[in-house]
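One structure is given here, and the rest of the page talks about it.
The sequence lines fix the lettering, A, B, ..., with proteins before strands; numbering per chain opens at 1. Note that the structure is predicted; figures quoted are calculated from it, not measured.
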Protein chains: 2
Amino acid sequence: MNRREASKNETRQLILRAARRLFAQKGMEESTIRDIAREAGVSPASVVVHFKSKTALLEEALNRDIETALSELAASMPEDLELLDRLMHLAKGFFRLYDQNRKLYRALIRHTIFEPAGETPHITKVSELYLRFLSGLVEEGQARGIIKPEVDTTIAAGSIFSLYLGALIMLFRRPDMTVEQVAETLAAMTDQYLKGIAIIEP
Amino acid sequence: MNRREASKNETRQLILRAARRLFAQKGMEESTIRDIAREAGVSPASVVVHFKSKTALLEEALNRDIETALSELAASMPEDLELLDRLMHLAKGFFRLYDQNRKLYRALIRHTIFEPAGETPHITKVSELYLRFLSGLVEEGQARGIIKPEVDTTIAAGSIFSLYLGALIMLFRRPDMTVEQVAETLAAMTDQYLKGIAIIEP
DNA sequence: AGTTTATATTAAACATGTTTAACTAATAAA
DNA sequence: TTTATTAGTTAAACATGTTTAATATAAACT
């Protein structure tokens, strides 16, 4: 690596670390680019040059913790429990992460969830991993004979993810609700989804 | 009504009309408060005094069309179709509305969906109406004997609404997808939800 | 009617994300 | 080694949402 490239990476890391500190401490809106630049010892312009925009910087800053959480959750996934509990293991893990700083993660989700994939590479990647993980769980359920074989697993993953998103929105909208309460609601919704709410005539 | 109050309302309407025109024409980010003020023939400060913030102005500006759409959809709800089709009637109606200007409605949803209820009164009200309508449909299904009587209808409404939101996010994230395609995906998800994906041992 | 108070309006200032153009230093070319 | 080019950095400018303080005028009061 070049001497130039090295120092570039170094300032990039300085900015990232400063951003993580300030974002965690004061939230997104309250941490100005000027603040972050000062904390990192660089110019405000440098922040923008390195990370296109404040939103993109937020995404980069939080990405590490999100990826860590996902891989830890995947690794700690209990094998023996039934599907609903395994789904809740995943969802609750993310709820707990976001609960560490709801305002900050709300800002992240707000700025990324509606963007086309290319604009938010990290969140897009995590979402895709999550979706693939979900469809994997459903496929496994089919292999075990507990999920209907005719079910489209991609659609199923989308359904489960949608229910999760609905609960996530509840978590962000309702500061009075605890992670446990939101998780219970999600469990009830997912349970309905697994069992179906319609009466099927055999 | 006072002469003062009357003129206040008048400028309020001037601003609202200007905002509707400009937002529809150029989108939210591209319409500055200064633009809107100029178009309305008032000062930029006046815009903020009348509508707290640009976001709140957007919510006010779009609220009329959203409420109209909701009441028309409720009125035109087909009585004879089965539940899935009736749910899709509602969802598709909103998808079509949002499809008239995806970027603009995306901005609206982004700025309102995560806010506590008090901050976004109109969207909150519409969401609550929608949710109540959904739980009403489910209750009706129970009365007709096509929905399991033990189903919690509030949870069911939340589930159906979450699936709808998931599809809505897809509509906003994927400019390449048509309303019809998104609606088909939602129909598939909702169908899974109604029938259940798990195999139930009798 | 004259005076006071409340309020709608606005000009000017402010804060902050972002852009632009200039500067500096490292690398490549001669 | 000297020169030219590329690329990282930044100061200054800009655009825009919002706040503040001043102004004007309608309503309330005496």
Please determine, by modelled atom types, if Ser76(B) and His89(B) share a side-chain donor-acceptor pair under 3.5 angstrom.
-> yes

Rounded interatomic separation in angstrom, taking CD from Glu5(A) and C1' from dT6(D) | 13 Å

Check: Arg173(B) side chain, Glu115(A) main-chain N or O, donor-acceptor pair, under 3.5 Å = yes

In whole angstrom, give the distance that lies between atom CG of Asn9(A) and atom P of dA7(D).
-> 15 Å

Interatomic distance, Asn2(A) CG vs dA7(D) P [rounded to whole Å] | 10 Å

Side chains of Pro175(A) and Lys103(A): does their closest heavy-atom pair fall under 4.5 Å?
-> no

Are the side chains of Leu108(A) and Tyr98(A) in touch, meaning some heavy atoms are under 4.5 Å apart?
-> no

Count the heavy atoms of every other residue, nucleotide or ligand shown that sit under 6.0 Å from NZ of Lys148(B), and state whether that count exceeds 12.
-> yes

Let me see the working for Phe95(A) and Tyr164(A) under ring pair (Phe, Tyr, Trp, His ring centres under 6.0 Å), right down to the final yes or no.
-> CA-CA 10 Å; Phe95(A) 289 166; Tyr164(A) 160 77; 5.6 Å; yes

Among Val138(A), Leu83(A), Leu165(A), Leu137(A), which one satisfies side-chain contact (heavy atoms from CB on, under 4.5 Å) with Ile160(A)?
-> Val138(A)

Under the side chain to side chain contact (heavy atoms under 4.5 Å, CB included) rule, collect the residues that match up with Ala157(A), sequence neighbours excluded.
-> Leu131(A), Leu134(A), Ser135(A)

Pair Thr32(B), Asp35(B): side-chain N/O donor-acceptor within cut-off below 3.5 Å | yes

Arg4(A) CZ to dG8(D) C1': how many Å, rounded?
-> 7 Å

Classify the angle between the aromatic ring planes of Tyr130(A) and Phe94(A) as parallel (below 30°), tilted (30 to 60°) or perpendicular (above 60°).
-> tilted

Within 6.0 Å of NZ in Lys52(A), more than 12 heavy atoms from elsewhere = no

What are the bounds, 5' to 3', of the part of DNA chain C that sits under 4.0 Å from heavy atoms of chain A?
-> dT16(C) to dT27(C)

Can you check salt bridge (Lys or Arg N to Asp or Glu O under 4.0 Å) on Lys195(A) and Glu150(B), steps first, answer last?
-> CA-CA 12 Å; Lys195(A) 296 179 179 157; Glu150(B) 70 269 23; over 6 Å; no

Listed partners of Asp99(B) passing side chain to side chain donor-acceptor pair (under 3.5 Å), at least two apart = Arg102(B)

Interface residues of residues 39-54 of chain A with DNA chain D (non-hydrogen, below 4.0 angstrom) = Val42(A), Ser43(A), Ala45(A), Ser46(A), Val49(A), His50(A)

With a 4.0 Å heavy-atom cut-off, tell me which residues in residues 19-30 of chain B come close to DNA chain C, sorted by residue number.
-> none

Residues of residues 114-122 of chain A with any non-hydrogen atom less than 4.0 angstrom from an atom of DNA chain C: list those, numerically ordered, please.
-> none

